[in-house]
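Bear in mind the structure is a predicted one, so any value in this text is a computation, not a measurement. Quick note on labels: first sequence line is chain A, next is B, and so on, each numbered from 1.
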Number of protein chains: 2
Amino acid sequence: MPQSGKSVTLKDLAAHAGVSRSTVSLVLQESPLVADSTRTRVMAAVEALGYVYNRGAATLRSARTATLGVVVHDIANPFFGAMVAGIDDTLQNADHVSFLASSGDDPARQARLVTRLREQRIDALLLCPAENTSSSLLDTLDRCGLPCIEVMRHVGETPRGHYVGADIRAGLARAVSHLVEQGHHRIALLTGAGHSSADRERMAGYQQAMETAGLVPDIRTGRHDLTRRAGLERTLEIMAEPVPPTALICHNDLMALGALLALARLNLTPGLDCAVIGIDDSDEAALSEPALSSIATHPHAIGRAAAELALQCLDHPGLEPQHLVLETSLHLRASADHFLHRSREPL
Amino acid sequence: MPQSGKSVTLKDLAAHAGVSRSTVSLVLQESPLVADSTRTRVMAAVEALGYVYNRGAATLRSARTATLGVVVHDIANPFFGAMVAGIDDTLQNADHVSFLASSGDDPARQARLVTRLREQRIDALLLCPAENTSSSLLDTLDRCGLPCIEVMRHVGETPRGHYVGADIRAGLARAVSHLVEQGHHRIALLTGAGHSSADRERMAGYQQAMETAGLVPDIRTGRHDLTRRAGLERTLEIMAEPVPPTALICHNDLMALGALLALARLNLTPGLDCAVIGIDDSDEAALSEPALSSIATHPHAIGRAAAELALQCLDHPGLEPQHLVLETSLHLRASADHFLHRSREPL
DNA sequence: GAACGCATTTGGATCGATCCAAAAAGATGA
DNA sequence: TCATCTTTTTGGATCGATCCAAATGCGTTC
């Protein structure tokens, strides 16, 4: 229990338990080779001396660090909060840990972060790439053999390595056809400027769904970021047009919630005067007033899947690139449904 | 530029640049001892071979890792998103990195996370302790000499080591006196169950402010967590009472936003029928409808201050415990001000 | 009792950087 | 030219764990 000065090492444990360093090492690795009596003696020493395993030293000799890097482009976005929770749950079960960093959608900062993570000798990288990430970043990772899993976004037209995402395209198709059934013709998509694959996928999925329905696509991109404030401001602009859309599909729930605020400010009732559908189905969606319809992307499940895939990569180094596209589902609430709306008393 | 097989080491750099390992090491440490010509030759080798510094190996010999651990109790809370951004900004300037982990307010999980972080040989720990954290955790950290900075919450009645927080007490005093000026008498506080120092500080500050104003405190705690949903449900309950309060001060903005939703559902107008004030002044506060009044806690500044304090601890090992309590300010918006409310058209 | 098989345990080399005392290379003055 | 002082550079020991080949102990069997 004492030990205030220097740190306790394997050698100290060995002396305390009356065995060699090697044996102690075997015990710590949970090797089946050691006798039970020895194991308990060593574990007692660990307790008695307050030993803390030195991963850095171990890493020097053995190849793995049991540490993954996670880089997201916006930690403040609740989607990533939930995703990170999914990753951590999975890693915790597998006795791994993660380094989390946020790039703020800046490729230069992202590059620095990745370098730092490599210095820590992470075993694999889960990357939600910043907009305009150069493919040379992935080249570098390939070249030095660091497994990388792109999540939600990918660099280039199609993911070249492992990828985990959500089937936004199918979600949009369902959303558009629901809106059409409700009688909407002027359905607009409010998304980012197309610098990320997630933007492009939303645009393509929406466009295809609109064409299938025989409607004219109406894509509103902008230099805005993808926040509540951007949704608010952009919607105020849009609704001021001579012939505004009657339905808005937004890049994510944050923007959609901003759109609801804009409608409220304009004294329009979301769901009656203008339908709004978000993407992600965050916790807030169900709680807003009126409740927000949303395409659920299940961030927790995506985090789990990405972490599991990363762990697989470690066990099977040659694994050919996996593309996991998880299902989405449309959660209809008052913001985009006349009937649901009527079933509640009006504001 | 090649290097696909093994990793590049100091020795490879030394061979490529025609110097010894030691010299290369000095260059990487930016020592002033090496000649400029040598330095450029070595840096060229770093570029040419795609060398990545091995922090683990360095750590084995030298005491420091340039890595801090950050443990928060709820990464999904936007307060901590902003705080972590503040920490990272500061660390980035100082060439340090952070390991971020979220305890989910579970002391057992928190203990595991701290152990993992210690295995990584972090230089210091920034801890927003989980509820009911035992002080033995801090004892252990002390004993092994790991500097720890408690942030926003502290274990025990008063922080025993370094602490960085916000002056919630002053914020509450200002909030209460504003509400009194507006003619409120029944002002309730909606907060956590008192398992954390942050809960207790809110209760004490509120109680004192109420007594100063000659009013009867009305504290509503609960087994609820501190989310939007909890704020919604609790407010629905409270407003159903025979003589409900006319003003609510909520533990944080999330709960306050939930309270606004509850009022809307009850067809009550926040700011006119019942005033609501949150704590944190998150981005969302200004955007809600009506806009939420809030006591600003400046999470980004708190993150910066905590990180700076941690860096100071590293430079000055004996530093006596610092208690930094940052100012708060009351941001008044329509949710708690008759006048502001009248200046906008009604819902 | 020697030989064998099996379950455990062990010492020494090793990973990639840092530290340190000491050597080498230049610069200066007598 | 040689001693002296600086400025640079260097080899070997070292950090704390892992790996591996070899040693040990012990019960069986011939």
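Side-chain nitrogen and oxygen atoms of B:Gln29 include none within less than 4.0 Å of the OP1 or OP2 phosphate oxygen of C:dA17. Between B:Thr23 and D:dT10 there is a side-chain polar atom (N or O) within less than 4.0 angstrom of OP1 or OP2.
Atom CZ in B:Arg55 sits roughly 12 Å away from atom P in C:dA17 (whole-Å rounding). When rounded to the nearest whole Å, the span between CG of A:Asn54 and P of C:dC15 equals 18 Å. When rounded to the nearest whole Å, the span between CG of B:Leu26 and P of D:dT8 equals 12 Å. Computed from coordinates, the A:Arg21 CZ to D:dT18 C1' distance equals 9 Å when rounded to whole Å. One atom, CG of A:Leu28, and another, P of C:dT9, lie 14 Å apart when rounded to the nearest Å. A:Leu60 places its CG atom 14 Å from the P atom of D:dC15, with the value rounded to the nearest Å.
As judged by a 4.0 angstrom heavy-atom cut-off over every strand, B:Thr9 is placed among residues touching the sugar-phosphate backbone only. Using a 4.0 Å heavy-atom distance criterion, B:Thr38 is classed as a sugar-phosphate-only contact. Residue contacts shown for A:Val24 are absent, as no nucleic acid heavy atom lies under 4.0 Å away.
B:Ile87 CD1 to B:Glu308 CD: the interatomic distance, rounded to the nearest 0.5 Å, is 11.5 Å.
The nucleotide whose nearest atom lies closest to any side-chain atom of B:Ser62 is, among C:dC19, D:dA17, D:dA13, C:dC19. Side-chain atoms of B:Ser22 lie closest to C:dC20 of the nucleotides C:dC20, C:dG11, C:dA13.
Checking side-chain atoms of B:Asp105 against main-chain N and O of B:His73 turns up no donor-acceptor pair under 3.5 Å.
With sequence neighbours left out, the side-chain hydrogen bond (donor to acceptor under 3.5 Å, both in side chains) criterion links B:Ser31 to no other residue.
Taking for each of B:Val34 and A:Thr59 the nucleotide of DNA chain D with the nearest heavy atom, the 5'-most of the two is the partner of B:Val34.
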side-chain contact (heavy atoms from CB on, under 4.5 Å) for A:Val19 and A:Val27? Distances and angles first, verdict last. CA-CA 11 Å; A:Val19 293; A:Val27 171; over 6 Å; no
